[in-house]
Amino acid sequence: MDLLIIFLLFLPFFIIISFLLQKFKTRNSVNRWPPGPPGLPFIGNLHQLDNSHRPRYFWKLSKQYGPFMSLRLGFVPTLVVSSAKMAKEILKTHDLHFCSRPPLLGIYTLSYGGSDLAFAPYNDHWRELKKICTIHLFNSVKVQQFRPMREDEVSRMIQNISKSASSSTPVNLSKLMTSLTIAVTCRVAFGKRFGDEGIEKNRFHALLHETQDGFGSFYLGDYFPFLGWVDKLFTGQIRRLQNTFKKLDVFYQQIIDEHLDPKRRKTEEEDILDVLLQLKKDRSFKVDLTWDHIKGLLMNIFIAGADTAAITVIWAMTYLMKNPRTMRKAQEEIRTLIGNKGFVDEDDVQKLPYLKAVAKEAMRLQPAVPILPPREAIEKCNIEGYEIPVKTRVYVNAWAVGRDPEAWDKPEEFCPERFMDGSIDFKGQNFELIPFGGGRRICAGMYMGLGLLELALANLLYKFEWELPPGMKTGDLDFEALPGMAVYKKNPLCLVAKNYV
């Protein structure tokens, strides 16, 4: 209590001094700064952040202040990018200037001090990890090697839905897809089936939820570096974050110990952890692969692999239910190709251009990560006549870029046909479609996630006719989203499936 009283007594002093320092710093370090909404002393624009759907809020602000908009979040100069043109400036033209990550407290802690690939600062260690992931973990050979796991888990999900279809029981597709992606992640990364052999469903779900909460929580120290002690002493945020980190570390260590056990039963399925442990022994890289590096990479797979494909499939199915003509067109393409085969495999998916167009259109309108992980300027640079200082934080709003009227005709409409000529892809060269980011920090596991997404969606459309639950109309379908780094549909998608084949 005494510390709280001292803090409250000195708070006005901190505010006044901080405001004067910020004004002096801004006046002397930035000659021209992009337009943006006016802020308040000390806190800047923090009070204007809308957590209910931040991508939409940033998008609305960009309509007033432009697609290259400035904010001041506490003491942090911040830019928000909302157009394909400006996304290209950040992700390609000035990629080297903005290829680092800010050390945000939640991310920094859960990534073992930036020892991972997705959130690490740009340095020699990161470049070496990128090489390891590109060559050994997510290359085309590895993606194909894990194909049987993906096909097996999708087949299991389809069988479960078939049982519900026989009794006309509505199925919670949101829950089923999340379970599917977690199951595939467990097998690919850890060599275990979800719910079997020691990976408990309740424990895994709880860890995933706590980790996502740790990433998305507000930490005062991220915006006011000298007030980080408030998070520790008064808000309880640091304690909760450290507890989550300890639980994750125990989880990773348990899996590692099982893999190192000489009595471990060998399987034909080599998982990602097997590869990492072998690389640790190899020592053929410029930097030694430490246990923190391995756990940091497992965290990336744990977070990215456990939900992004599920999120996109659910949004795609929601749009298809809203647009029955488009759904029938996608089903006709699949069923004409597959006939009575009974299952769409990954070779078949490559022959389904309209299905792929549906997936792209869903990712354009509802990218799983609508605001790309933040970047940080490592060098001063000039963009569009604006001087951007070092340590500027940059958020690329992929959700807004997908609705850029200069890049898309009728951007609010769900129209997969716009992709049928194959000229636009998400591999990092077309900046109007950036669900996986771009530049040096493009998602390394893109093809791993995409393979599961397309495979699951193809079989859902092939095997079943889909209807809304009794009493529900097409107009009742909603597109509300939960806040967070990865954006789930707020209300679960529950549909009635009828067996087709």
Side-chain angles (χ1 to χ4, degrees), residues 90-92 94-146 185 188-191 211 215 245 248-249 252-253 255-256 259-260 270-305 308 369 372-379 390-391 393-394 396 427-429 436-449:
I90 298 297
L91 302 179
K92 183 178 181 180
H94 295 278
D95 182 33
L96 186 57
H97 295 111
F98 296 100
C99 61
S100 197
R101 301 286 195 209
L104 301 179
L105 185 58
I107 291 173
Y108 188 79
T109 300
L110 297 177
S111 64
Y112 290 80
S115 297
D116 68 325
L117 181 68
F119 303 110
Y122 182 73
N123 52 30
D124 290 340
H125 279 76
W126 179 85
R127 285 191 289 270
E128 204 64 14
L129 280 182
K130 176 81 170 184
K131 186 187 301 182
I132 288 172
C133 290
T134 302
I135 296 174
H136 296 282
L137 299 185
F138 302 121
N139 59 63
S140 58
V141 175
K142 281 296 175 188
V143 172
Q144 278 297 108
Q145 180 183 322
F146 297 132
T185 299
V188 168
F190 313 131
T211 304
F215 277 144
F245 173 77
L248 282 170
D249 190 65
Y252 300 145
Q253 193 60 54
I255 300 296
I256 289 171
H259 277 64
L260 293 174
E270 182 185 55
D271 56 64
I272 287 177
L273 183 51
D274 287 326
V275 178
L276 289 172
L277 293 176
Q278 184 57 47
L279 291 173
K280 190 177 189 306
K281 296 178 183 178
D282 188 24
R283 296 178 177 273
S284 62
F285 298 95
K286 293 180 181 178
V287 296
D288 289 337
L289 195 63
T290 67
W291 291 118
D292 281 357
H293 287 134
I294 290 176
K295 292 176 180 178
L297 290 172
L298 291 180
M299 182 275 294
N300 289 164
I301 298 165
F302 176 69
I303 296 300
T308 50
V369 181
L372 301 182
R375 292 180 171 227
E376 184 177 75
I378 57 177
E379 294 180 14
V390 175
K391 295 293 183 182
R393 202 171 290 171
V394 181
V396 178
K427 299 176 183 178
Q429 297 302 314
F436 298 102
R440 288 168 174 81
R441 306 304 297 236
I442 194 169
C443 176
M446 172 173 57
Y447 294 108
M448 197 78 76

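Among all heavy-atom pairs drawn from L91 and G437, the shortest one is CD1-C, 4.4 Å. Closest of all the heavy-atom pairs between K130 and I442 is NZ-O, 3.6 Å. Annotation for L96 and R440: closest pair N-NH1, 3.6 Å, computed over non-hydrogen atoms. Taking both residues in full, the closest heavy atoms of G114 and A120 are given as O-CB, 3.1 Å, listed atom of the first, atom of the second, then distance. Residues R393 and P102 come closest through the heavy atom pair NE-CB, 3.8 Å. The shortest heavy-atom contact between A377 and F98 is CB-CE2, 3.7 Å.
Taking the side chain as every heavy atom from C-beta outward, D95 and R375 approach each other to under 4.5 Å. You'll find the side chain of F138 reaches within 4.5 Å of the side chain of I301, heavy atoms only. Side chains of E379 and H94 form no contact here, defined as non-hydrogen atoms less than 4.5 Å apart. Contact check for R441 versus W126: side-chain heavy atoms found under the 4.5 Å cut-off. The shortest distance between side-chain heavy atoms of L248 and F302 falls below 4.5 Å. With contacts defined as side-chain heavy-atom distances shorter than 4.5 Å, the pair I294/W291 qualifies. When side chains are defined from C-beta on, L137 counts as touching L276, because their heavy atoms get closer than 4.5 Å. K427 is listed as a side-chain neighbour of Y447, based on a closest heavy-atom distance under 4.5 Å.
Counting non-hydrogen atoms of neighbouring residues, nucleotides and ligands closer than 6.0 angstrom, the CZ atom of F215 exceeds 12 such neighbours.
Pairs passing the salt bridge (charged side-chain N to carboxylate O under 4.0 Å, His left out) check and including a residue from residues 100-126, sequence neighbours excluded, read D124-R127.
Using modelled atom types, one side-chain atom of N300 and one backbone atom of A118 make a donor-acceptor pair closer than 3.5 Å. Looking at H293, its side chain does come within 3.5 Å of a backbone N or O of T290 through a donor-acceptor pair. The backbone N or O of P121 sits nowhere less than 3.5 Å from a side-chain atom of S100 that would complete a donor-acceptor pair.
In this model, no donor atom of one side chain and acceptor atom of the other lie less than 3.5 Å apart for Q278 and K281.
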From CA spacing to verdict: side chain to side chain contact (heavy atoms under 4.5 Å, CB included), L289, E128: CA-CA 9 Å; L289 195 63; E128 204 64 14; over 6 Å; no
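Distance NZ/K295 to CG/L110: 13.5 Å, rounded to 0.5 Å. For the atom pair K142 NZ and I135 CD1, the distance stands at 13.0 Å (nearest 0.5 Å). A distance of 7.0 Å separates OH of Y252 from CZ of F190, quoted to the nearest 0.5 Å. Rounding to the nearest 0.5 Å gives a distance of 7.5 Å between CZ of F119 and OG of S111. Between the CG atom of D288 and the NE2 atom of H125 there is a distance of 8.0 Å, given to the nearest 0.5 Å. Rounding to the nearest 0.5 Å places CE of M448 at 10.5 Å from OG of S140.
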